[in-house]
Amino acid sequence: MPTLRYGVFGDIHSNLAALHAVWEAMERERVDGYLCMGDIVGYGADARECVALIRDLNPLVVAGNHDWAVAGKLGLEYFNIQAQAAIVWTRRALEAEDIAWLGDLPLTATVGDITLAHGTVHNPPAFEYLQTPYDAHLSFQELQTKTAFVGHSHIPVSFFDGTPITYSIDERIEFGDRVCIANPGSVGQPRDEDPRASFAIFDAETRILQVKRVEYDIGRTIGGILRAGLPVLLGERLRIGR
Ligand code: ZN
């Protein structure tokens, strides 16, 4: 039986409490497949646990810039000072085998009519943000499927091809026949001023996307960041969702 109902998520960033909350919510939604847009690690202190849980879930998964940086496939100069500290910390926290697994993640993946990429569809290795209609235009020109899911900006938003290109930040979006590139927001470090973990449920048959938010124990994640000696700012930003 083909997968019809997907749990769509990304930008976990080593935040196990958030990933657990999202995983439980996706289970309650009875999804029968998982799509993950990468950045499993970076910023938080639960790198081992998050990699283990993702490997257990066995989603269709692509590499995020933090994943590849930990694996040495992307230079530290692309990151700010806090992110650099977390990448260096994560390299020490993970087993060589997990680091190799992160490095082996592909830049894009496709299942049925769905493409996954971390940043953009038109230039995945550059890990650029897809945030404006112009960014979406560039990606629509390269998109070979009817639907794409991306991450990286940590902002939930869906773009629709057309003249003009339109977008939606609604919680429930009917894609219909439209070609769409959607971002379900970030599990582990939301940046839209809503600190709750963000993900989406996509029904491939009805083509309806539901963007969901779930609360999790932010204090627990911050405690881990502080105990690990990671930059304090990486914890504080979780409370304000920025
Ligand atoms: Zn990210």
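Numbering of ligands and ligand atoms starts at 1, following listing order. These numbers come from the heavy atoms of this one structure, side chains and all, not from hydrogens, waters or symmetry mates. Quick caveat: nothing in here was measured; it's all calculated off a predicted structure.
Asp11 contributes atom OD1 as its closest N/O/S atom to the Zn ion (ligand 1). Of all N, O or S atoms in His154, the one lying closest to the Zn ion (ligand 1) is NE2. The nearest N/O/S atom of Asp39 to the Zn ion (ligand 1) is OD2.
Cluster annotation: Tyr78 is connected to Leu107 through the hydrophobic network of ILVMFWY side chains, with a link wherever side-chain heavy atoms come within less than 4.5 Å.
Between the Zn ion (ligand 1) and His118 there is no N/O/S contact shorter than 2.8 Å.
Using a cut-off of 4.0 Å between Lys/Arg side-chain N and Asp/Glu carboxylate O, Glu95 and Arg48 are scored as salt-bridged.
Annotation: cation-pi geometry satisfied between Arg237 and Tyr43 (NZ/CZ under 6.0 angstrom from ring centroid, within 45° of ring axis).
Under the 6.0 Å cut-off for aromatic ring centres, Phe175 and Phe202 qualify, their centroids lying closer than that.
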